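Everything below concerns the one structure shown next.
Just so we're clear, the structure is a prediction, and the values are computed from it rather than from any experiment.
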Amino acid sequence: MSAARNVIISGSGEFDYDFIVVGSGFGGSVAAYRLAEKGYKVAVMEMGCRWTPENLPRTTWSLHRWFWRPKLALRGFFSIQYFRHITVLHGCAVGGGSVTYATTLLRPPDKVWQTGSWTGLADWKSEMPQHYRQASRMLGVVENNILGPADRLLKAAAEVTGVGHTFYRTSVAIFQAPEGEAGGNSFPDPYFGGEGPPRTTCIGCGGCMMGCRYGAKNTLDLNYLWLAEKRGTQIFPQSKVVEVKPLNGAADGADGYEVRTVKSTNWFFKAPRRFTCRGVVFAASSLGTMELLFRLKESGSLPRISDQLGKHVRTNSESLLAVRTPGSTEDLSKGVAIGSGVYVEEHTHIEAVRYPSGSDTMSLLTTILTGGVPGPARVALWLRNLAAALLRHPWKTLRVLQPFGWARENVVLLCMQALEGNLEMCWRRRWFWPFQKFLSSRGEKIPTYIPQANQFAETLARLTGGTAMSMIPEILFNIPGTAHCLGGCVIADSPEHGVVDYRHRLFGYKNVYVCDGSVVAANLGVNPSLTITALAERAMSFIPARSATDWSDFAESETM
Ligand SMILES: Cc1cc2nc3c(=O)[nH]c(=O)nc-3n(C[C@H](O)[C@H](O)[C@H](O)COP(=O)(O)OP(=O)(O)OC[C@H]3O[C@@H](n4cnc5c(N)ncnc54)[C@H](O)[C@@H]3O)c2cc1C
Ligand code: SF4
């Protein structure tokens, strides 16, 4: 579509769109749909590709369709970024992280609203439940009714450890048949009164993190984005936003914005495009929004962005462990990606995770379980454990270290802790590549060793006759992996303490919002996507219908 053909005459000028949303994950999809519903003309710029059941990969061995590293011609939907303090796993697609996520949607405890810079800025405890309900309805959240062998093992290990009563079925965004009934049956749209796409019930193949090839997983392209497109929203896949700056010299953006994109999957012919709009919603995920805003602040395009950008970055203090049982009589890949969880103590929570049969590449990151104090001593202990295992049980040890059959024989244990602790992201040159600035981490290290999680993995291994495993980056480099990177543009009372106000409005600019994981101001202790969705629902609820909009006064951030 030509940008020039479709202009809006609005207030002080002509615009291609009322709002441009950067990123189509949980925050971006909500923003796109709610704005379109209110009558705005909306475009969504998404760096990743569009996925359908037909083009999704079958297993993780199909690297070019699974992994996102476009410079290496890998154009999938799953990405890993390495920093000194954390390794971040994230999604990159039309639908953002929802294409690769495990669909676990949990509400955090109320105490998170009394922690961090958002405390006291709204009556969160009474406001949020309605937005969680709305988000859950839109995402089709149900209690998981497909327990696979890995879930039963988790329960058995919890019982042996004395915490069997904490076992719970996860809440998942999956279209499931009634318990006990076979899946695989197709129905007309079950969620939106016929306005949504037809769906098929889940067959429990364990493949949710590879995208669902059966139409059972409620990814954002089947709900929020679907409905947004029906209301005229235009989605531009493979379009990376590289520039956002105020138009006509109004430094606060009162005259609208210019947004520039390039084709994210091209090496050379970047196909640059320029669009204009009245307002912008940054929703590129915690990492993506931080990176873009740092670039725009540094280049002088949006210099008023708070110096708090990059501060208060959090994870769920995760640790990934696994138990591999070669020769397991049961196929441990069956079920949904995260079917159940247990609390091994008040702040420590473990979920049973699986990949679908044949998706064995993640095994290349696992090794023999090793505890101990992080650092050289832990590496030495790991080498000793590995040597001892190879000497005592050479065949068994080699068997658990080789990749083939991993997904069928393996339970991944995702351990999360609701403890405070955060780091900082900054924009600086790297010693080995001084020509360019990059997002880099600094601050205190996040613990990579959670003793309760290791003990739990050992208990599970004893039950199955398997071997407990750790993640190699956690041991070798003392760097925890996280799929839940949050914060960096947190909600606060003023630019001295955060980057956006309590309605997600960017301090210093008019009609600019941030709606993604970067605004989260506390460690949620649970998988964050439901909270990101609910927060975006809340932020969008403050925006008036287009017919009632006076662009000059509704979107200026407030300090408190
Ligand atoms: C393997 C895996 C499993 C997970 N499982 C769960 C789970 O079970 N439950 C849960 O709650 N969470 C889970 N998560 C985490 C979840 O995916 C994220 O918390 C969530 O997607 C974050 O939402 P968001 O709106 O902040 O951004 P995202 O959903 O990450 O969306 C941001 C989008 O912006 C795009 N983007 C970035 N920069 C630009 C740019 N410059 N221009 C254009 N587009 C851009 C990205 O491509 C991306 O698609 C999982 C994550 C992974 C990796
Ligand atoms: S378990 Fe399989 S069918 Fe069910 S939602 Fe996940 S990928 Fe789809």
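- In this structure, a donor-acceptor pair under 3.5 Å is absent between the side chains of N523 and Q417.
- Residues satisfying the salt bridge (charged side-chain N to carboxylate O under 4.0 Å, His left out) criterion with E229, sequence neighbours excluded, are R50.
- Between the CD1 atom in I350 and the CG atom in L414 there is a gap of 9.0 Å [rounded to 0.5 Å].
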(message) Checking C277 against Y257 for the side-chain contact (heavy atoms from CB on, under 4.5 Å) test, could you report, in this order, the C-alpha distance in whole Å, the side-chain angles of both residues, the deciding distance, and whether it holds?
(response) CA-CA 5 Å; C277 56; Y257 296 86; 4.1 Å; yes

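- One distance of note links CG of L35 with CD1 of I543; it measures 5.0 Å at 0.5 Å rounding.
- A donor-acceptor pair under 3.5 Å is formed between the side chain of R199 and the backbone N or O of G215.
- With sequence neighbours left out, the side-chain hydrogen bond (donor to acceptor under 3.5 Å, both in side chains) criterion links T233 to no other residue.
- Applying the side-chain contact (heavy atoms from CB on, under 4.5 Å) rule to S470 yields the partners L321, L369, I475; only residues at least two apart in sequence or on another chain are considered.
- Put simply, the side chain of T348 never gets that close to the backbone of V344: no donor and acceptor are under 3.5 Å apart.
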Which pairs would a plain distance check flag for residues 304-311, meaning a side-chain donor or acceptor within less than 3.5 Å of a matching protein atom at least two apart in sequence or in another chain?
{"residue": "R304", "atom": "NH1", "partner": "G508", "partner atom": "O", "Å": "3.2"}
{"residue": "S306", "atom": "OG", "partner": "Q308", "partner atom": "N", "Å": "2.8"}
{"residue": "S306", "atom": "OG", "partner": "P495", "partner atom": "O", "Å": "2.7"}
{"residue": "S306", "atom": "OG", "partner": "G498", "partner atom": "O", "Å": "3.0"}
{"residue": "D307", "atom": "OD1", "partner": "K297", "partner atom": "NZ", "Å": "2.9"}
{"residue": "Q308", "atom": "NE2", "partner": "E496", "partner atom": "O", "Å": "3.2"}
{"residue": "K311", "atom": "NZ", "partner": "D307", "partner atom": "O", "Å": "3.4"}

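- The salt bridge (charged side-chain N to carboxylate O under 4.0 Å, His left out) search around K155 returns E159, not counting sequence neighbours.
- Partners of S441 under the side-chain contact (heavy atoms from CB on, under 4.5 Å) rule, at least two apart in sequence or in another chain, are F83, R84, H85, L423, M425.
- T219 meets the side-chain hydrogen bond (donor to acceptor under 3.5 Å, both in side chains) test with D221; sequence neighbours excluded.
- Applying the ring-ring contact (aromatic ring centres under 6.0 Å, His included) definition to pairs two or more places apart or across chains, those involving residues 93-113 are F26-Y101, W113-W118, W113-W124.
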(message) What verdict does the side-chain hydrogen bond (donor to acceptor under 3.5 Å, both in side chains) test give for Q114 and T119, after you've listed the backbone C-alpha separation in whole Å, the side-chain angles of each residue and the deciding distance to 0.1 Å?
(response) CA-CA 5 Å; Q114 280 119 46; T119 308; over 6 Å; no

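- Residues S285 and D516 have side chains that never bring a donor and an acceptor to within less than 3.5 angstrom of each other.
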(request) Could you walk me through whether W51 and F77 pass ring-ring contact (aromatic ring centres under 6.0 Å, His included), step by step? (result) CA-CA 9 Å; W51 295 92; F77 48 80; 5.3 Å; yes

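- Using modelled atom types, one side-chain atom of T482 and one backbone atom of H484 make a donor-acceptor pair closer than 3.5 Å.
- Residues in residues 534-543 take part in these salt bridge (charged side-chain N to carboxylate O under 4.0 Å, His left out) pairs, two or more places apart or across chains: R34-E537, E127-R538.
- Applying the side-chain contact (heavy atoms from CB on, under 4.5 Å) criterion to A337, with sequence neighbours excluded, gives A102, C208, M209.
- Counting only heavy atoms from C-beta outward, the side chains of M138 and L227 approach each other to under 4.5 Å.
- For T170, the side-chain contact (heavy atoms from CB on, under 4.5 Å) criterion is met by T104, N144, Y168, V172, I338, not counting sequence neighbours.
- Listed by first then second residue, pairs satisfying salt bridge (charged side-chain N to carboxylate O under 4.0 Å, His left out) with a partner in residues 100-112 number zero, not counting sequence neighbours.
- In this structure, the separation between OG1 on T531 and CE on M128 is 6.5 Å, given to the nearest 0.5 Å.
- Two rings, from Y343 and H349, have their centers less than 6.0 Å apart.
- Both the sub-6.0 Å distance and the 45° axial angle are satisfied by R503 relative to the ring of F542.
- Here the side chain of D252 pairs no donor or acceptor atom with the backbone of Y509 at under 3.5 angstrom.
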